[in-house]
Amino acid sequence: MDVSFLGGPGPQRGVGVVAPFDFALDRELWRWTPDDVSLHVTRTPYVPVEVSLDLARVISEHETLRDAVSTLTEVTPEVVAYACTSGSFVGGVMGEHAMCEAMSRAGSVPAVTTSGALLEALVELDVRRLALVTPYTVSVTRALEEYVAQAGVTVTGCAYMSLTRQIWKVTYREVVDMARRAAVRGRLGAADALFLSCTNLPTYDVIPQLEAELRIPVISANQVTMWAALRRLGTRAVGPYQALIDTSARSGTGIGTGTGSALPAAGPVVPTGSVLPEGQEPPDVRGVHGVSDAQGVSGGPDEKQQEGWT
């Protein structure tokens, strides 16, 4: 068949993505990507160290990021993104800025990180009060709370999982259950939005469902990363009805008021699935959960080192 009339493939624009060595959700990133944009993904070198805040610092060192960005220069991306939440909030707001500068100098293009994109999204949605879901241990979760607090955002509630490995295997049902727990109105009131942290945590298909149920914007690590990177290209992320990327989805969510309209004041939401009542031991490593009603984390098990992380 003569295909000469097609004139070859259409032009594409590139987004370079630097991911941690254990990142397993490439496909989820692609689902927010329009057809005329390609993702060029590279990974940081494997580090045989138990996962902790210390490892988050090691894997996010400027030299590591510069080397990773350098591997992408031949395919000439127009923007580079560091797709790692904990690695980009571990140094605080100033540390995140320095990471972007190091990456931008290495690639001579704009650079974003997941945690920097989170703060951009909170400004976009006028969020001052935030509920959190994390798969992290207590210390990593606290570091995220401190990071958003530096940006003037109050954490109204937090549900965390204390996972030690294979975060990408968390089910959507577990994510939804934890989101319900985090979004319950506590002594600090209702949240303006909910953030699902960790780029290794599957979130794509649950965002519209959670926004409809909780009546607040729901944002996730991979979503904000792609949204911010694509904004640097002057284009938009694609995806099902969700407040961050579709302004028509923002009506009725309290966006712009700074007051939120999440679940009304009530008793705790009874979780379903594998989210356990406080104090009960889980049947496996992925069942350990904790809940916090403020900017300190409480109710969790003893700290464990993680093997799977982002």
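These numbers come from the heavy atoms of this one structure, side chains and all, not from hydrogens, waters or symmetry mates.
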The reported gap from OG1 in T137 to CG in L53 (rounded to nearest 0.5 angstrom) is 6.5 Å

Is the side chain of E28 donor-acceptor paired with the backbone N or O of L25 at a distance under 3.5 Å, no angle test? no

Ring centroid separation W32 to Y204 under 6.0 Å: yes

With a 4.5 Å cut-off on side-chain heavy atoms, are L201 and V175 touching? yes

Identify whether V206 and V238 are in the same connected component of the hydrophobic contact network (ILVMFWY, side-chain heavy atoms under 4.5 Å). no

Quick check: do V133 and M161 have side-chain heavy atoms less than 4.5 Å from each other? yes

Report the C-alpha distance between L233 and V15 in whole Å, list the side-chain angles of each, state the deciding distance to 0.1 Å, and finish with yes or no for side-chain contact (heavy atoms from CB on, under 4.5 Å). CA-CA 9 Å; L233 299 186; V15 174; 3.7 Å; yes

Kindly determine whether R231 and E124 satisfy side-chain contact (heavy atoms from CB on, under 4.5 Å), including the steps that lead there. CA-CA 12 Å; R231 287 221 300 182; E124 173 74 13; 3.5 Å; yes

Do S197 and T134 pass the side-chain hydrogen bond (donor to acceptor under 3.5 Å, both in side chains) test, and can you show the C-alpha distance, the side-chain angles, and the key distance before you say yes or no? CA-CA 5 Å; S197 188; T134 89; over 6 Å; no

Rounded distance [0.5 Å steps], CG in L132 versus CD in E145: 6.0 Å

May I ask whether V79 and W30 are part of the same hydrophobic cluster, defined by side-chain heavy atoms of I, L, V, M, F, W, Y residues being less than 4.5 angstrom apart, directly or through others? yes

In plain terms, say whether E101 and R66 are close enough for a salt bridge, that is, a side-chain N and a carboxylate O under 4.0 Å apart. no

Taking every heavy atom of T85 against every heavy atom of S115, the minimum-distance pair comes out as O-OG, 2.9 Å

Less than 4.0 angstrom from a charged side-chain N to a carboxylate O is my criterion; do R31 and D205 meet it? yes

Looking at every non-hydrogen atom in both residues, tell me the closest pair between Y147 and L119 and how far apart they are. OH-CD1, 3.3 Å

Kindly check if the number of other-residue, nucleotide or ligand heavy atoms within 6.0 Å of CZ (R236) is above 12? no

Contact check, side chains of V218 and Q242, non-hydrogen atoms, under 4.5 Å: no

Check the pair E213 / R180 against side-chain contact (heavy atoms from CB on, under 4.5 Å), numbers first and verdict last. CA-CA 9 Å; E213 177 180 336; R180 289 170 177 157; 2.8 Å; yes

Between T225 and T114, does any side-chain donor sit less than 3.5 Å from a side-chain acceptor? yes

Interatomic distance, CD@E120 vs OG1@T113, rounded to 0.5 Å, equals 8.5 Å

Closest approach of L65 to S60 (non-hydrogen atoms, all atoms of both residues): CD1-O, 3.6 Å

Residue pair V109 / E78: nearest heavy atoms and the distance that separates them: CB-O, 3.6 Å

With rounding to the nearest 0.5 angstrom, report the CD1 to CG distance, I245 to L230. 9.5 Å

Testing the 3.5 Å rule here: is there a donor-acceptor pair between the side chains of N222 and S220? no

Test salt bridge (Lys or Arg N to Asp or Glu O under 4.0 Å) applied to R43 and D22, D26, D67, the passing residue: D26

Hydrophobic cluster membership, with links at side-chain heavy-atom distances under 4.5 Å among I/L/V/M/F/W/Y: are V112 and W227 in one? no

Measuring only between side-chain heavy atoms, which start at C-beta, is V17 closer than 4.5 Å to V80? no

Contact summary for A24 and N200, nearest pair of heavy atoms: N-OD1, 2.9 Å

Would you confirm whether S108, through its side chain, and S104, through its main-chain N or O, come within 3.5 Å as a donor-acceptor pair? no

Tell me, do C158 and F195 make a side-chain contact under 4.5 Å, heavy atoms counted? no

If hydrophobic clusters are built from ILVMFWY residues whose side chains come within less than 4.5 Å, do L29 and Y172 share one? yes

Got a donor-acceptor contact below 3.5 angstrom from the T44 side chain to the F21 backbone? yes

Show the numbers, then the answer: is there a side-chain contact (heavy atoms from CB on, under 4.5 Å) between V155 and V148? CA-CA 8 Å; V155 175; V148 297; 3.6 Å; yes

Can you confirm whether V170 sits close enough to L163 that some side-chain heavy atom of one is under 4.5 Å from a side-chain heavy atom of the other? yes

Given 3.5 Å as the limit, does a donor-acceptor pair link the side chain of D246 with the main chain of Y241, or not? no

Check whether Y82 reaches the backbone of A19 with its side chain - one donor and one acceptor, N or O, closer than 3.5 Å. no

So, do I216 and L194 sit near enough that their side-chain heavy atoms are less than 4.5 Å apart? yes

Of all the heavy-atom pairs spanning I219 and V224, show the shortest one and how long it is. CB-CG1, 3.9 Å

Ring centroids only, cut at 6.0 angstrom: are Y160 and Y136 within range, meaning strictly under it? no

To the closest 0.5 Å, what do you measure between CZ (R173) and CE (M178)? 14.0 Å

Check whether any side-chain heavy atom of P20 sits under 4.5 Å from a side-chain heavy atom of I59, and report yes or no. yes

Salt bridge R250-E211, side-chain N to carboxylate O under 4.0 Å: no

Is it true that the side chains of S88 and E96 contain a donor and an acceptor less than 3.5 Å apart? no

